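Letters A, B, ... are given to chains in the order of the sequence lines, protein chains preceding strands, and every chain is numbered from 1. Note that the structure is predicted; figures quoted are calculated from it, not measured.
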Number of protein chains: 2
Amino acid sequence: MRIGELARQSGCGVETLRYYEREGLLPAPARSAANYRQYGERHAERLAFIRHCRALDMTLEEIRTLLAYHDHPERPCHEVNGLIDAHLAHVAARIRQLQALETALVTLRARCNGEAEAEACGILRELSRPLGEDELPDPGEGAHLPGAHG
Amino acid sequence: MRIGELARQSGCGVETLRYYEREGLLPAPARSAANYRQYGERHAERLAFIRHCRALDMTLEEIRTLLAYHDHPERPCHEVNGLIDAHLAHVAARIRQLQALETALVTLRARCNGEAEAEACGILRELSRPLGEDELPDPGEGAHLPGAHG
DNA sequence: CTTGACCCTGTAGTGGCTACAGGGTGTGTA
DNA sequence: TACACACCCTGTAGCCACTACAGGGTCAAG
């Protein structure tokens, strides 16, 4: 299987596969006479594992850790559970933070009906007010989880 | 006021202020004889606006748009409302996506008690399973809002 | 013998900072 | 005077997980 087919099968881009190889998540496959990468079932399975983890929003570093257990089936899986717990805590913290954000934005939005001039716009006025200490959640709480933009 | 004081007052780093200046969010201030930046109240107020927006997880691009209205008080504020609505929709979409993620992670976590070997670990087994079409949310839905990591 | 789909390597860009390196300024103390 | 130390300057590189080229090679069909 060439890289394009694997990309289609897995739903990710060709360049992403080469990136995973550079990052050491996917082993470098054999090459054809024309220097094309030749992938087998093992690669496809490993990639499925990686994509499953990515769909759960794990970092490549977390995935590297999980792959190490995947590659050493005799090891105790204690750390795997810890990693999922930690990741879950990150996600939960991020949800709480975004909910606080949502509340703040709804309140903000209610301050104007969109028919004023900028001068009188309640939204712009509110945004001009400096924030108090703990008025909006500390991103530190959900450290390593991103904001509202992806 | 020098840059360090403004940084302390606003709670952001000195390098962030220079970054905002490069990005055109903060105007370049006057300089002292020693070439130090000299900020006034206008800068502090503008920075408060920016930090308020950032606390609401807006992008610098969104903030640039809002600042344009801040700077042109005679313009109708219709677009301001639209921008907040759009941002709010992004945040709401991201929350839904993270909640789906949380559910999936809780289910995953329940598959192992952490006392197995990696070979038998239900978590690793589940992660090895390729994902179906719509099994986890399409990040496209919450476009421009980030994943679980910051 | 040309078209077009595919493949290769290598490099740069994304956002919003953060962290240097390598230098200058200004105040307080020995 | 000499030095330490905190602060400031510019410019560049790094973070993450890709994404998007530029500039070239390969191969089957028409």
So, is A:Tyr19 near the phosphate of D:dC16, with a side-chain N or O under 4.0 Å from OP1 or OP2?
-> no
Consider only side-chain heavy atoms of I, L, V, M, F, W and Y, link residues closer than 4.5 Å, and tell whether B:Val14 and B:Tyr20 are in one cluster.
-> yes
same_hphob_cluster(A:Tyr36, A:Met1) at 4.5 Å side-chain heavy-atom cutoff = no
Between C:dT25, C:dC8, C:dC17, which one does the side chain of A:Asn35 approach most closely?
-> C:dC8
List the steps, then state whether salt bridge (charged side-chain N to carboxylate O under 4.0 Å, His left out) holds for B:Glu126 with B:Arg129.
-> CA-CA 5 Å; B:Glu126 171 66 13; B:Arg129 195 177 56 77; 2.8 Å; yes
Between P of C:dG16 and CG of B:Leu26, the distance in whole Å | 15 Å
Of the listed nucleotides C:dC17, C:dC8, D:dC27, the one nearest the side chain of A:Arg37 = C:dC8
With side-chain contact (heavy atoms from CB on, under 4.5 Å) as the test, would you mind laying out the steps for A:Thr59 and A:Ile63 before giving the verdict?
-> CA-CA 6 Å; A:Thr59 64; A:Ile63 298 173; over 6 Å; no
Of all the nucleotides listed (D:dC8, D:dT19, C:dC6), which has the minimum atom distance to the side chain of A:Thr16?
-> D:dT19
Are the charged groups of A:Arg37 and A:Glu21 less than 4.0 angstrom apart, N to O?
-> yes
When rounded to whole Å, the CD to P distance for the pair B:Glu61 and C:dC17 reads 14 Å
Which nucleotide in C:dG26, C:dC20, C:dG16 has an atom nearest any side-chain atom of B:Glu15 = C:dC20
Quick one: B:Ile63 CD1 to C:dG15 P, roughly how many Å, whole number?
-> 13 Å
Whole-Å gap separating P (D:dC16) and CD (A:Glu62) | 12 Å
Contact under 4.0 Å: A:Arg31 side-chain N or O vs C:dT9 OP1/OP2 | yes
Upstream residue (5' side of DNA chain D) when A:Tyr20 and A:Ala33 are each assigned their closest nucleotide | A:Tyr20
Round to the nearest Å and state the distance from A:Arg22 atom CZ to D:dT19 atom C1'.
-> 11 Å
In whole angstrom, what separates B:Ile50's CD1 from C:dG15's C1'?
-> 16 Å
Separation of C:dC17 C1' from B:Met58 CE (nearest whole Å) = 19 Å
Below 3.5 Å, does any donor atom in the side chain of A:Tyr36 face an acceptor in the base of D:dG25, or the other way round?
-> yes
According to a strict under-4.0 Å criterion, is B:Arg18 in side-chain N/O contact with OP1 or OP2 of D:dT10?
-> no
Give a yes/no on whether any side-chain N or O of B:Arg54 is located under 4.0 angstrom from OP1 or OP2 of C:dC17.
-> yes
Counting only distance, no hydrogens or angles, is the base of C:dC17 paired donor-acceptor with the side chain of B:Glu23 under 3.5 Å?
-> no
Note: A:Arg46-A:Asp71 ion pair, threshold 4.0 Å (strictly below) = yes
At under 4.0 Å, does any side-chain N or O of A:Arg2 touch on OP1 or OP2 of C:dC6?
-> no
In whole angstroms, how far is the P atom of C:dC6 from the CG atom of A:Leu17?
-> 15 Å
Do any side-chain nitrogens or oxygens of B:Ser32 fall under 4.0 Å of OP1 or OP2 in C:dT25?
-> no
